[in-house]
*Asks:* 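I'd like to ask you about the structure that follows.
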There are 2 protein chains.
Amino acid sequence: MSEEYATDDGRPHGSLAHRVPDLGALELLLAVARLGSLGAAAREVGITQPAASSRIRSMERQLGVALVDRSPRGSRLTDAGALVTDWARRVVEAAAAFDAGARALRDRRDSRLRVAASMTIAEYLLPGWLLALHAERPDTAVSLLAGNSAKVAELLLDGEADLGFVEGLTVPAGLDSAVIARDRLIVVTAPGHPWARRGRPVTAQELAATPLILRERGSGTRQVLDAALGGLARPLIELSSTTAVKASAVSGAGPSVLSELAVGEELAMRRLVGIPVEGVPLRRDLRAVWPTGHRPTGPARELLSLTRG
Amino acid sequence: MSEEYATDDGRPHGSLAHRVPDLGALELLLAVARLGSLGAAAREVGITQPAASSRIRSMERQLGVALVDRSPRGSRLTDAGALVTDWARRVVEAAAAFDAGARALRDRRDSRLRVAASMTIAEYLLPGWLLALHAERPDTAVSLLAGNSAKVAELLLDGEADLGFVEGLTVPAGLDSAVIARDRLIVVTAPGHPWARRGRPVTAQELAATPLILRERGSGTRQVLDAALGGLARPLIELSSTTAVKASAVSGAGPSVLSELAVGEELAMRRLVGIPVEGVPLRRDLRAVWPTGHRPTGPARELLSLTRG
DNA sequence: TGAGGACATAAGCTGGTCTTATGAGCGAGG
DNA sequence: CCTCGCTCATAAGACCAGCTTATGTCCTCA
């Protein structure tokens with residue numbers, strides 16, 4: 001009876017969706033924060049003022065916190081409202097990235113710019129780039145195909161993609177490339193692991209001697225690690241997705257090695273901690289690739305320049 | 001009648017909420033990914049199988065992409081579905097952080113653990129810690145009060161908070177402290193800024209000589225920067241919130257100096273780029289604080305240990 | 001060949017959110 | 001001093017999305 005009503009399950013969480021306002025409400029809150037008026041915010045998101053009023057009110061009831069100070073000449077956020085708005089902004093940004101990705105995924109054919117990307121890049125970086133591209137060139141429709149390096153190369157060489165992104169150690173034959181960023185692999189453990197408390201860095205020998213939670217052989221991450229250790233990484237468990245590896249590491253099964261792109265959230269939330277390592281070059285280049293000779297032009301060139309800042 | 005059924009992207013955007021599935025649907029998708037069955041996923045989120053089936057189907061219609069392969073003996077994600085699920089996970093995680101924060105904000109008084117935190121910590125780190133705490137001690141109700149260092153000190157000394165978090169250079173009098181993390185300040189510009197393309201790092205002299213977009217004097221970030229430069233930071237614009245500073249920097253108004261906690265998203269999305277700097281110690285300690293003598297115990301001790309991993 | 005699991009379809013109910021219409025404070029200007 | 005213009009609040013009805021129950025189809029396994 002500590003929780004709400006019909007959640008007899010009593011499990012981890014009684015459905016976030018019932019406790020977190022929906023995206024429309026969060027967007028509305030951001031608009032109120034920016035514009036300082038319920039009515040103006042309502043206009044911006046395309047609803048009427050009473051609807052906005054009611055929606056903000058019901059959000060306040062749901063959260064149990066006053067979010068805005070209403071006055072006859074405008075509405076300002078309360079202190080708590082400012083904090084909630086910042087958290088809301090993060091949710092909305094994640095949703096915008098979701099949307100940018102989904103939009104690219106939808107436009108499978110006949111799009112002006114067809115991008116092929118490896119999974120890690122498609123998952124963690126591309127949505128952000130697509131948002132930036134959309135901001136600069138709203139008319140450019142982008143389509144996205146995801147696969148491993150070989151698949152990306154094949155799509156480019158077959159003329160089914162205009163620009164590719166890969167994260168391997170080598171550039172597939174027949175492609176030109178440009179390094180757009182460097183990714184670092186990080187050794188991580190759950191906070192309770194002995195490595196999390198020792199003072200000195202882990203050495204290459206220790207890392208090679210310790211069974212690790214890893215992606216399967218052939219994955220980009222595994223390739224880099226094997227190369228760095230001289231082909232010696234010992235698997236404790238082999239899993240086929242980054243997500244599964246993370247979940248296993250968080251649960252305390254053992255140390256793992258993952259891209260810093262993949263574990264940013266877990267590190268911030270202290271579900272995982274990064275372990276310093278010495279003597280192991282755990283870096284890899286992230287590259288844009290295109291068929292030799294076909295220098296990117298038009299939207300592809302634009303996207304490429306965005307990725308390099 | 002809404003005038004916008006044609007989703008043609010001729011405008012900034014036609015409301016995310018209409019193009020991104022709601023949180024319930026995203027949670028359902030995650031459950032399907034994990035359990036490999038619509039029915040099992042439905043059971044987990046507390047709805048019936050037909051409801052789940054319909055909901056996934058309408059999400060696929062909305063996104064225009066097939067997400068799951070249904071078969072008479074279960075459902076597996078398609079390739080696109082796996083990617084969408086990963087993006088969905090990020091939205092759900094942001095929502096979970098929102099919920100953890102809002103929950104703490106709601107329980108203003110009479111909670112078992114009352115935390116006071118500076119804005120940056122409350123905004124970027126605390127929700128994650130609260131999630132972790134909730135996972136380990138689901139019954140502990142936490143309340144949150146946010147303010148600057150002086151406010152945090154006051155709350156602790158008045159007995160109105162059990163544990164505090166501050167980010168200043170000094171520890172307020174009457175408090176004991178422990179360093180829980182180090183925050184790095186980063187020089188950032190919009191991708192188009194000249195600094196984004198030059199090869200060599202910016203020097204302390206250059207930084208001190210360049211007008212910057214900054215928080216107001218007295219903010220923790222500004223204090224650290226002034227100290228690092230010898231009190232010389234020149235403001236181009238002074239703004240009163242980190243969000244406003246970020247927005248201004250993204251728009252290309254000039255270089256800025258911000259906490260790495262605050263700009264992670266912007267860096268990943270390439271809306272901002274980090275500029276290497278040499279000869280300037282842009283680090284600051286993030287500290288947990290408590291009244292001298294009152295060593296944290298119980299839930300406070302638990303939370304403290306989580307923050308240190 | 002029949003049991004059981006998994007998903008799809010159909011029909012009806014419910015609740016939340018929208019709309020329009022209207023009222024009520026506060027400030028500015030004729 | 002009164003009215004206009006801005007703000008937000010309230011009320012009553014329409015509508016739609018999503019839920020439930022009941023049933024049908026397909027596949028696999030014993």
Side-chain angles (χ1 to χ4, degrees), chain A residues 4-9 14-29 31-63 66-78 81, chain B residues 1-5 7 14-63 66-78 81 88:
Chain A
E4 293 134 301
Y5 55 114
T7 312
D8 68 343
D9 201 26
S15 186
L16 271 182
H18 294 155
R19 294 196 312 263
V20 177
D22 61 63
L23 281 172
L26 298 182
E27 282 188 288
L28 177 63
L29 179 63
V32 171
R34 184 155 30 82
L35 300 171
S37 154
L38 289 186
R43 237 168 287 127
E44 175 164 290
V45 307
I47 61 178
T48 58
Q49 172 268 319
S53 176
S54 145
R55 206 143 188 209
I56 294 285
R57 184 170 298 282
S58 75
M59 180 159 45
E60 288 178 315
R61 210 175 36 243
Q62 182 180 20
L63 299 178
L67 299 174
V68 303
D69 272 335
R70 299 143 168 87
S71 87
R73 58 187 192 293
S75 296
R76 291 198 61 72
L77 294 178
T78 62
Chain B
M1 304 306 160
S2 313
E3 76 293 339
E4 48 145 343
Y5 58 93
T7 326
S15 183
L16 270 183
H18 295 154
R19 294 195 313 263
V20 177
D22 62 66
L23 282 171
L26 298 181
E27 282 189 288
L28 176 62
L29 179 63
L30 295 185
V32 171
R34 184 155 31 83
L35 300 171
S37 154
L38 289 186
R43 236 168 290 128
E44 176 164 290
V45 306
I47 60 178
T48 59
Q49 172 267 319
S53 176
S54 144
R55 208 149 184 201
I56 294 284
R57 183 171 299 283
S58 76
M59 182 160 42
E60 288 177 314
R61 212 176 34 243
Q62 181 180 21
L63 299 179
L67 299 174
V68 304
D69 272 334
R70 298 140 166 89
S71 87
R73 59 185 191 294
S75 297
R76 290 195 60 73
L77 294 178
T78 61

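For clarity, every value in this text was computed on a predicted model and none was experimentally measured. Residue numbering restarts at 1 for every chain, and letters A, B, ... go by the order of the sequence lines.
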*Asks:* What is the distance, rounded to the nearest whole Å, between atom NE2 of A/His18 and atom P of C/dG16?
*Replies:*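 It works out to 10 Å between those atoms.
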*Asks:* B/Leu35 has an atom CG; how far is it from atom C1' of C/dA6, in whole Å?
*Replies:*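 From B/Leu35 CG to C/dA6 C1': 14 Å.
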*Asks:* Does any part of the side chain of B/Val32, heavy atoms only, come nearer than 4.5 Å to the side chain of B/Leu38, both counted from C-beta?
*Replies:*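 When only atoms from C-beta onward are counted, B/Val32 and B/Leu38 do touch, with a gap below 4.5 Å.
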*Asks:* As an exercise, state the distance from CZ of A/Arg76 to OG of A/Ser37, rounded to the nearest 0.5 Å.
*Replies:*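 Here the interatomic distance stands at 12.0 Å.
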*Asks:* Round to a whole Å and report the spacing from CG of A/Leu77 to P of D/dC8.
*Replies:*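 About 12 Å, once rounded to whole Å.
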*Asks:* Measuring from A/Leu67:CG to A/Gln62:CD, what's the distance to the nearest 0.5 Å?
*Replies:*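 Nearest 0.5 Å value for the CG-CD distance: 10.5 Å.
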*Asks:* For C/dA8, take OP1 and OP2 only and decide whether either is under 4.0 Å from a side-chain N or O of B/Ser53.
*Replies:*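 Answer yes for this pair, as a side-chain N or O of B/Ser53 is under 4.0 Å from OP1 or OP2.
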*Asks:* Quick one: are A/Ile56 and A/Arg70 in side-chain contact, heavy atoms under 4.5 Å?
*Replies:*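 Yes. Closest side-chain heavy atoms under 4.5 Å.
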*Asks:* To the nearest angstrom, how far is A/Leu23 atom CG from C/dT17 atom C1'?
*Replies:*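 Rounded to the whole Å, the gap is 16 Å.
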*Asks:* Let me know the distance between CD1 of B/Ile56 and P of D/dC19, rounded to the nearest Å.
*Replies:*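 My rounded result for the distance is 11 Å.
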*Asks:* Between atom CG in A/Asp22 and atom P in D/dA17, what is the gap in whole Å?
*Replies:*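 So the two atoms are 14 Å apart, to the nearest Å.
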*Asks:* Looking at the side chain of A/Arg43, which of D/dG18, D/dC8, D/dT7 is the nearest nucleotide?
*Replies:*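 Out of D/dG18, D/dC8, D/dT7, the nucleotide with an atom closest to A/Arg43's side chain is D/dT7.
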*Asks:* Strictly below 4.0 Å: does B/Arg70 bring a side-chain N or O up to OP1 or OP2 of C/dA8?
*Replies:*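 Affirmative; the distance criterion is met.
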*Asks:* Kindly indicate whether the side chain of B/Arg19, heavy atoms from C-beta on, has any atom under 4.5 Å from the side chain of B/Ser15.
*Replies:*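 No. Closest side-chain heavy atoms not under 4.5 Å.
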*Asks:* For DNA chain C, whose closest nucleotide is more 5', that of A/Ser58 or that of B/Ala40?
*Replies:*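 Final value for this comparison: B/Ala40.
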*Asks:* Would you mind building the protein contact string for nucleotides 18-30 of chain C? One character per nucleotide, 5' to 3', B for base within reach (heavy atoms under 4.0 Å), S for sugar-phosphate only, - for untouched.
*Replies:* SBBB---BS----
*Asks:* Looking only at heavy atoms, which two atoms of B/Ala31 and B/Val45 are closest? And how far apart?
*Replies:*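 Shortest heavy-atom contact: CB-CG1, 4.3 Å.
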*Asks:* Quick one: A/Arg61 CZ to D/dA9 C1', roughly how many Å, whole number?
*Replies:*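 Taking CZ of A/Arg61 and C1' of D/dA9, I get 14 Å after rounding.
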*Asks:* Start with the C-alpha distance between A/Leu23 and B/Leu23, add both sets of side-chain angles, then the distance that settles side chain to side chain contact (heavy atoms under 4.5 Å, CB included), and finish with yes or no.
*Replies:* CA-CA 8 Å; A/Leu23 281 172; B/Leu23 282 171; 5.7 Å; no
*Asks:* Would you kindly give the CG-to-P distance between B/Leu67 and C/dC7, to the nearest whole Å?
*Replies:*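 So the CG-P distance, B/Leu67 to C/dC7, works out to 15 Å.
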*Asks:* Please state whether the phosphate of C/dG5, meaning OP1 or OP2, lies under 4.0 angstrom from any side-chain nitrogen or oxygen of B/Ser37.
*Replies:*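 Answer no for this pair, as no side-chain N or O of B/Ser37 is under 4.0 Å from OP1 or OP2.
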*Asks:* Counting the atoms with a prime plus P, OP1 and OP2 as sugar-phosphate, which does B/Asp69 contact under 4.0 Å by heavy atoms, base, sugar-phosphate, or nothing?
*Replies:*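 Counting heavy atoms under 4.0 Å across all strands, no contact is made by B/Asp69.
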